[in-house]
Amino acid sequence: MEIDFNSIFSDFFHQITARIPNIISGIIILVVAIILGKIIYKIIDKATEKKWQDSILSTFLAQVIKWSIYLFGATMALSVFGFSGVAGTVFAGAGVSAIVFGFAFKDIGENFLAGIILALKRPFEIGDIIEIQGVKGTVKELDIRLTHLRNAEGKDIFIPNSSIIKNTLINYTKDGYLRINFMIGIAPECDIEETRKLILDYLDTNKNILKKPAHNVVVQELGEYTTDIQIFFWIDILSSKNLPDEYLGHNIRSKAITDIKRILDANNIEMPSQVLEHKMYRQSEIKLETK
């Protein structure tokens with residue numbers, strides 16, 4: 001039995017030619033859906049952010065709507081291509097969620113759900129400084145899969161949303177209050193109460209240090225050749241949000257240490273120095289011979 005290849009290729013070419021209008025129409029629908037999704041994303045993002053005053057929730061809602069339009073356009077394109085059965089099966093699953101889980105991997109779906117939780121619960125805002133598993137940075141963006149951070153070194157860090165949900169999150173800027181502490185050592189012969197009074201007077205007059213919660217100066221340890229004094233005070237980091245270094249109080253802490261050192265020096269409060277005592281238990285004579 002001979003195979004008529006000419007007839008086979010002729011039928012195949014005829015079928016492809018007949019479907020060219022459908023293919024072109026499907027591509028147009030897909031392109032229009034992508035353009036429409038991007039336009040609607042920008043409109044919804046700006047409108048909801050201005051109305052709700054919530055950049056995270058507005059951006060996330062706009063992302064969800066944008067991807068829903070993309071998926072709807074892809075499904076319509078499948079129908080035009082002639083795969084209406086596939087498109088109907090996808091939509092019959094469970095709506096947009098079924099489409100997401102049908103086309104994405106397990107971790108993408110997990111990060112998508114984690115993004116919804118973060119957008120609704122809002123443990124952080126855009127511009128907050130957070131830390132997850134030792135990674136610290138300023139929140140720049142939250143999308144349906146990733147949270148974008150930028151650290152103090154200018155490095156952009158993208159963390160899966162599911163990792164944020166599963167691990168401990170530290171927000172340094174939730175209410176603006178941050179406690180700063182450092183320790184100084186003074187010589188054992190120096191007066192502790194006088195030292196405390198000098199430091200407390202300085203903390204009372206520093207405008208960058210809050211009066212409430214109250215600051216404190218406590219003796220941490222009495223050592224062999226030093227008296228360690230711990231200093232605690234509170235600052236409002238949101239008042240200096242535009243200064244990256246001062247955002248977590250680094251500049252305020254550095255200036256406080258410098259000023260306190262200068263005040264203690266001016267009042268003869270000395271820093272400790274290690275004293276080594278050598279004892280001779282045998283009487284011995286050292287003879288030097290010269291030639």
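In what follows, residues are counted from 1 in the order of the sequence shown.
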In one Ile/Leu/Val/Met/Phe/Trp/Tyr side-chain cluster, 4.5 Å: I263, I199: yes

Heavy-atom pair with the smallest gap, counting every atom of A256 and F233: CB-CZ, 4.2 Å

Basic-acidic side-chain contact under 4.0 Å: D265, R262: no

Candidate pair I231 and L203, rule side chain to side chain contact (heavy atoms under 4.5 Å, CB included), full reasoning: CA-CA 10 Å; I231 301 165; L203 297 178; 4.0 Å; yes

R179 CZ to H215 NE2 distance, which is reported to the nearest 0.5 Å: 13.5 Å

Non-hydrogen atoms of C190 and E270 that approach each other most closely: SG-N, 3.4 Å

Distance-only polar pair, side chains of Q230 and N181, donor-acceptor under 3.5 Å: yes

NZ/K155: more than 12 non-hydrogen atoms of other groups inside 6.0 Å: no

Nearest-0.5 Å distance, CD1 of residue I157 to CG of residue L146: 12.5 Å

Main-chain N/O of G127 paired with K140 side-chain donor or acceptor, under 3.5 Å: no

Joint cluster assignment, I192 & I260, ILVMFWY side-chain distance < 4.5 Å: no

Stepwise side chain to side chain contact (heavy atoms under 4.5 Å, CB included) check, N251 with K255: CA-CA 6 Å; N251 288 351; K255 189 176 186 306; over 6 Å; no

Donor-acceptor under 3.5 Å (T195 side chain, D191 main chain): yes

Within-4.5 Å side-chain heavy-atom neighbours: L264 and L198: yes

Nearest-0.5 Å distance, CD1 of residue I184 to CD1 of residue I257: 9.5 Å

Expected output: side-chain N171 to main-chain T173 donor-acceptor under 3.5 Å: yes

N/O donor-acceptor pair under 3.5 Å between D128 side chain and F124 backbone: no

Single-linkage hydrophobic cluster I170~Y177, side-chain heavy atoms < 4.5 angstrom: no

Min side-chain heavy-atom separation I130-K136 under 4.5 Å: no

Mutual orientation of the aromatic rings belonging to H148 and F158 [parallel < 30°, tilted 30-60°, perpendicular > 60°]: parallel

Test item: N161 side-chain N/O and R145 main-chain N/O as donor-acceptor pair under 3.5 Å: yes

Exam field: side chain S254 to backbone H250, donor-acceptor pair closer than 3.5 Å: no

Connected via hydrophobic side-chain network under 4.5 Å: I129 and I237: yes

Ionic contact status for E193 with R196, cut-off 4.0 Å: yes

Minimum heavy-atom distance between D228 and G185, given as atom pair plus value: OD1-CA, 3.9 Å

Test item: T205 side-chain N/O and Y202 main-chain N/O as donor-acceptor pair under 3.5 Å: yes

Beyond-backbone contact of Y172 with E131, side-chain heavy atoms, under 4.5 angstrom: yes

Minimum heavy-atom distance between K66 and K38, given as atom pair plus value: CG-N, 4.3 Å

Side-chain heavy atoms of T227 within contact of V219, under 4.5 Å: yes

Separation of S163 OG from L169 CG (nearest 0.5 Å): 11.5 Å

Stepwise side chain to side chain contact (heavy atoms under 4.5 Å, CB included) test for V218 and F232: CA-CA 8 Å; V218 299; F232 303 92; 3.7 Å; yes

Interatomic distance, T147 atom OG1 to I126 atom CD1 [nearest 0.5 angstrom]: 8.5 Å

Value rounded to 0.5 Å, distance of CG in N208 from CD1 in I252: 4.5 Å

Main-chain N/O of I180 paired to R253 side chain as donor or acceptor, under 3.5 Å: no

Hydrophobic cluster identity match, F182 and I209, side-chain contacts under 4.5 Å: yes

Residues M183, Q220; criterion side chain to side chain contact (heavy atoms under 4.5 Å, CB included); working and verdict: CA-CA 8 Å; M183 187 171 62; Q220 186 74 21; 4.1 Å; yes

